[in-house]
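Contents: one structure, followed by commentary.
Throughout, residue positions are numbered sequentially from 1 according to the sequence presented. Whatever order the structure lists them in is the order used to number ligands and atoms, beginning at 1.
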Amino acid sequence: GGDVVSLALDITSTVHYEEELRNARERAEAANRAKSAFLANMSHEIRTPMNGVVGMAELLNDTTLNDEQKLYATTIKNSGEALLVIINDVLDYSKIEADKLVLHEEAFDLERCIHEIVMLLQPTARDKGLSILVDYDLFLPTQFVGDPGRIRQVLTNLAGNAVKFTNEGHVTLRVTGIFNHDQGICAVHCMIEDTGIGIPEEKIDHVFGEFNQVEDERNRKFEGTGLGLAISRRLIEMMEGEIWVESDEGKGSCFGFRIPLPIVEGSHGATPKLPK
Ligand code: ADP
């Protein structure tokens, strides 16, 4: 008889244990969301005074300062801007973690987006002697419905990294797509290839994680928060897409993502000539 009793006790304690585990998990998740919400609020509060610092440092430069003073004002402005980039990353990341980030969808021109990003990166690339190439599939429409700000953010992160981690050669932005005529949706496929330093095999699984930079603290050559790719991954997932990377250390990397985007009615690429 004793066996039956102890078995019954075991079952009830298992039930209790599972309930406790569930409660603990719920409490941990709530605490995590609260932490993210706190970070998001704080980042927002830091941004406003920082904009003041940057703006005023900019104005100082227009006054009759001597060269040395102008250098100080420029340093204040540049440091402030660098800090704002970090704050924006932390703000975005904590908003995503707190489930507070919303996508704003509208009709936009993807090809124009790509060219704007190239123009933005061109000066840095030129300084390093790199060329940036764009290969936008001729048969792909240019007008889609999606969140252009967030898509631009992902593309800027990937293409910016490609330029940052490449010392010679080129960076290519390639866009193709697979049409679903019945649904009016296109699976848009963007690839960012570089001929840069590449990513070591043992590190490649971690690049989309938070605060994961390939160099460790001691020998860091590159600036950055290590949040860019984590944010990009979450944004692409929010858009119901996929993101991935392939890399050959010393040869280069290729980051790619695929997102389903509705096509704007009447926006077509070049009409393919079908064989009769
Ligand atoms: P960071 O702000 O450091 O650039 P990211 O999340 O954008 O943060 O990237 C994380 C890390 O992944 C980088 O620090 C770098 O080590 C590696 N990485 C990203 N893109 C590339 C690339 N195109 N080539 C080589 N390494 C890269």
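- Note: Phe208 and Phe255 have perpendicular aromatic rings, judged against thresholds of 30 and 60 degrees for the angle between ring planes.
- Taking a 6.0 Å sphere around CG of Leu103, one finds it holds more than 12 heavy atoms contributed by other residues, nucleotides or ligands.
- Ligand 1 has no atom lying under 4.0 Å from any heavy atom of Phe208.
- For Ile199, every heavy-atom contact with ligand 1 shorter than 4.0 Å involves the side chain, none the backbone.
- Here the CD atom belonging to Glu210 is positioned 12.0 Å from the CG atom belonging to Asp89, to the nearest 0.5 angstrom.
- Under a 4.0 Å heavy-atom criterion, Lys164 is in contact with ligand 1.
- Of the options Ala230, Gly226, Gly228, the smallest heavy-atom separation from atom 2 (O) of ligand 1 is shown by Gly226.
- Across Val171, Ile197, Asn157, Asn161, heavy-atom proximity to atom 19 (C) of ligand 1 is greatest for Asn161.
- We find the CG-CZ distance between Leu155 and Arg150 to be 13.5 Å, quoted to the nearest 0.5 Å.
- Comment: Glu237 engages Arg233 in a salt bridge, judged by a side-chain N to carboxylate O separation of less than 4.0 angstrom.
- Of all the heavy atoms of Asp194, the ones lying under 4.0 Å from any atom of ligand 1 belong exclusively to the side chain.
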